[in-house]
Amino acid sequence: MQYWLMKSEPSEFSLDDLQRKGREPWDGVRNYQARNWFRDQMQPKDLAFFYHSNCAMPGIVGVMEILTPAYPDPTAFAPDNPHYDPKSDPAQPRWYLVDVGYVAHFPRTVSLSELRTYPALSELALLRRGNRLSVMPVAAAAWAFIMGLQAGPALPSAPLRERH
DNA sequence: GCCAACGTTGGC
DNA sequence: GCCAACGTTGGC
């Protein structure tokens, strides 16, 4: 059982889209390190944070579940697909994917800027300088910490109230 | 195997 | 839209 973080641009595919559809093949990943995690490490019942990237408020918006073992990404074989890769031979597929299932929305987005404020998360791959991976592992302690943020208000930018 | 050029990611 | 950081490509 492992934990993950997976990025998607909400204009392409958002957590709302996943909720609507229930499940989805996480296709189009074209990075070898991410491919290796799909193929070699990810297992059904693993959980993953759904991260919205390249948008007004980048951050973690909820949780999904890995539903299937890795299998070859069919979009790599489809010439009319934007993720087509002529070098991926169906007899020896280069790219893999897993199906994911909707689990839950967070009550609020845990933004990238908020995540950066927690020393407990300093080892999170997402926060390391220049990180561009779209699929990455999350340590169990970091997973629990982020899940725990949902319990409290934790709105650091909210105006302070006078106390009398 | 080196490395410059290029394309992509993704925050801001 | 800008641009830093990074991965990939391809000439040599």
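Chain identifiers are assigned alphabetically (A, B, ...) following the order of the sequence lines, protein sequences preceding nucleic acid strands; residue numbering begins at 1 within each chain.
Side-chain contact, A:D85 with A:W95: a donor N or O sits under 3.5 Å from an acceptor N or O. There is no side-chain donor-acceptor pair under 3.5 Å between A:D46 and A:Q2.
The aromatic ring centroids of A:F145 and A:Y118 lie less than 6.0 Å from each other.
DNA chain C is contacted by both A:R128 and A:R94; A:R128 maps to the nucleotide lying nearer its 5′ end (nearest heavy atom per residue).
If you take CH2 of A:W95 and P of C:dG7, they are 13 Å apart, rounded to a whole angstrom. In this structure, the CG atom of A:N131 is 14 Å from the C1' atom of C:dA4, given to the nearest Å. As a whole-Å value, the separation of A:N54 CG from C:dA5 C1' is 15 Å. Note: CZ (A:R116) to P (B:dG11) measures 8 Å, nearest angstrom. Atom pair A:H52:NE2 and B:dG11:P shows a separation of 12 Å (rounding to whole Å applied). The interatomic distance linking A:H83 (NE2) with B:dT8 (C1') rounds to 13 Å, in whole Å. Distance A:L115 CG to B:dC12 P: 11 Å, rounded to the nearest Å. As a whole-Å value, the separation of A:L5 CG from B:dG10 C1' is 14 Å.
The side chain of A:K87 approaches C:dT9 more closely than any other nucleotide in the set C:dA5, B:dG10, C:dT9. Which of C:dG7, C:dA5, B:dG10 sits closest to the side chain of A:N31 comes down to C:dG7. Of the listed nucleotides (B:dG11, C:dT8, C:dA5), C:dT8 has the atom at the smallest distance from the side chain of A:Y32.
A salt bridge is defined here as a Lys NZ or Arg NE, NH1 or NH2 lying under 4.0 Å from an Asp or Glu carboxylate O, and A:E114 with A:R108 meets this definition.
A close approach under 4.0 Å does not occur between any side-chain nitrogen or oxygen of A:K7 and OP1 or OP2 of B:dT9. One finds a side-chain N or O of A:Y51 lying less than 4.0 angstrom from the OP1 or OP2 phosphate oxygen of B:dG11.
A:R35 places a side-chain N or O within 3.5 Å of a backbone atom of A:R94 that can act as its donor or acceptor partner.
At a threshold of 4.0 angstrom between heavy atoms, the contacts of A:L133 are confined to the sugar-phosphate backbone, with no base atom among them.
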